[in-house]
Visitor: 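Pasting in a structure now, in structure tokens, and then I'll have a few things to ask.
Indexing begins at 1, ligand by ligand and atom by atom, following the structure's order.
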Amino acid sequence: MLIALAMLTTPGALQSKAIRLEAEDGQLVGTTVAKARLGFSGSGYVTGFTKDGDKVLLTLNAEAGIYEATIRYSAPLGQKGYGLGVNGTKTSGMFAATPDNFATTSAGKVELVGGVNTVEIDKGWGYFDVDYIELVPAKIDRSLKKPPLSLADPRATENTRGVFRSLISTYGTKTLSGQYNDEDTNYIEKTAQQTPAIFAADFMDYSPSRVAFHPAPKDLTENAIQHGKQEQLVSMSWHWNAPTDLIDKMLKDSTGKDLDAKWYKGFYTYATKFDLAAAIDDPTSANYKLLLRDIDAIADQLQKFSDANLPVLWRPLHEAEGGWFWWGAKGPQPFVKLWRLMFHELSVVRRLHNLIWVFTVGNDPKWYPGDAYVDLLGVDAYPSDHSDALSSTWDSLKRQYDGKKLLAITEFGGIPDIPRMRRFGVEWAYFVSWPGQTQPPGTSKQDLNRIYRDAGVKNRPSK
Ligand code: CA
């Protein structure tokens, strides 16, 4: 099946040689042609990307398909970000510094239509030069190795193992849809007459240091359980308010602007003095015991799912590598210790065997808690263009985890364009949209319907 697909879409019929577009032949908006730096291709290069809106605009005729884009450039003043637009779809990338010559860099995969296409290079950070952009038909690798069926928790319930088996069986052919919170879930039902396969929510307000200020939610867990009973798969994250040492006041940022560091921002690094490294290294310390107290409080919520025999895609300690949450503020070592401590507390001490452990992955493998503690890897992605196929992220993760772990989008700003991603060979197990950009102007009703009704998207079975 996969092999047949690959043969159908291998661009054998496409022109196999590279299409080179000399920047200096394009339409220049705020930019100029230069010839001073030797070694350029064609009749010069384009310089003067200094003001917002400065760009070079190129058009070409092509056969429809996915292409690898390469840009030849110069960045004499140091590393610079650039923007790339292909038929209106924008991505961004980085030019590494090139003291006094030209270099080429991969700009990833882009999609061309049959006939006339537009390609533009936008200012980004500016202060770089562009010699040319080259497009070569991409070889899309659709082979996907399925990960082992076993879960990190060897005592996982039959129900939990069943859900995991089902995710593995659809992996590579279908992407499950998902949405945080009721409002957007209801909107999707009303607009597309489809219910997302996954309902996601967050245990933030059950954090003990929040409950000290504001009563815990009455029915957030119970509501998620209702979704679970109605055959949605439940995904739970936890914006863990630091156990103690909240700053709890207004601060000024480096530019003198107000920065809200009150108690309800206590999951952010800037809003707490809690030192994970010190706490996790001393199991006799008061702060270590507070970590356990908090994990126990959330275990009480997860226990309710267990009592209802409902599996949970459990996604704690997300986006650690970014460092903006306190659990990632002290580097990978204390983070991995905390992850493993939580794994032990929930699956061994509290005997919660209904959890599928989801790790939000970044770039550095030092943050990975290990195969024995993770069932599935997710990315949190907020691309400036919702139609971004995330193909370089996918390709990189697939190189590292193919045949080992499932890959998913655990947060997305908007609704990811799954049919477009499939054309790039990008095949997430599932996606979950963060609230707020699912409705217009974030995502049009037309796009929502197109994606939610695509054959490659699996929604909750209709009743
Ligand atoms: Ca040139």
Side-chain angles (χ1 to χ4, degrees), residues 11 13-140 383-385 387-389 391-392 395-396 424:
L14 298 177
Q15 52 209 104
S16 56
K17 67 174 195 278
I19 305 169
R20 182 177 293 187
L21 304 167
E22 294 289 349
E24 63 276 14
D25 296 339
Q27 183 191 336
L28 307 182
V29 180
T31 49
T32 55
V33 173
K35 298 168 188 279
R37 184 181 305 103
L38 296 180
F40 54 79
S41 157
S43 57
Y45 55 91
V46 172
T47 191
F49 294 86
T50 54
K51 303 180 304 299
D52 286 347
D54 286 355
K55 64 173 114 177
V56 55
L57 189 61
L58 301 144
T59 56
L60 74 151
N61 269 293
E63 292 184 41
I66 308 299
Y67 289 71
E68 293 284 355
T70 302
I71 302 173
R72 192 159 192 260
Y73 72 98
S74 185
L77 302 178
Q79 167 180 275
K80 298 292 171 197
Y82 66 90
L84 174 66
V86 177
N87 297 323
T89 295
K90 305 264 175 133
T91 54
S92 57
M94 278 293 186
F95 290 140
T98 57
D100 50 19
N101 52 7
F102 291 97
T104 56
T105 187
S106 166
K109 294 189 179 76
V110 301
E111 183 170 35
L112 300 183
V113 296
V116 179
N117 294 267
T118 62
V119 174
E120 65 179 72
I121 295 173
D122 300 327
K123 174 189 155 250
W125 302 3
Y127 302 97
F128 55 76
D129 303 330
V130 179
D131 185 13
Y132 63 72
I133 178 164
E134 204 162 70
L135 299 157
V136 182
K139 289 187 178 68
I140 303 290
S384 54
D385 189 322
S387 68
D388 191 328
S391 70
S392 56
D395 290 346
S396 157
F424 284 78

Visitor: Taking the Ca ion (ligand 1) as the reference point, name the nearest N/O/S atom of E22.
Guide: OE1
Visitor: Provide the atom name of the closest N, O or S atom of D131 relative to the Ca ion (ligand 1).
Guide: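 Of all N, O or S atoms in D131, the Ca ion (ligand 1) lies closest to OD1.
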Visitor: Would E120 and K90 count as a salt bridge (Lys or Arg N to Asp or Glu O under 4.0 Å) here? Give the steps.
Guide: CA-CA 9 Å; E120 65 179 72; K90 305 264 175 133; 3.5 Å; yes
Visitor: Before giving the answer on salt bridge (Lys or Arg N to Asp or Glu O under 4.0 Å), spell out for D100 and R37 the whole-Å C-alpha distance, their side-chain angles and the decisive distance to 0.1 Å.
Guide: CA-CA 8 Å; D100 50 19; R37 184 181 305 103; over 6 Å; no
Visitor: Is the number of heavy atoms from other residues, nucleotides or ligands under 6.0 Å of N101 CG greater than 12?
Guide: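 More than 12 heavy atoms, drawn from other residues, nucleotides or ligands, come within 6.0 Å of this atom.
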Visitor: Using the rule ring pair (Phe, Tyr, Trp, His ring centres under 6.0 Å), only one of F128, Y127, F95 pairs with Y73; which is it?
Guide: F95
Visitor: Closer than 3.0 Å to the Ca ion (ligand 1): does that hold for any N, O or S atom in S43?
Guide: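 Under 3.0 Å: S43 has no N, O or S contact with the Ca ion (ligand 1).
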Visitor: How wide is the angle at the Ca ion (ligand 1) spanned by G44 O and E24 OE2, rounded to 10 degrees?
Guide: 80°
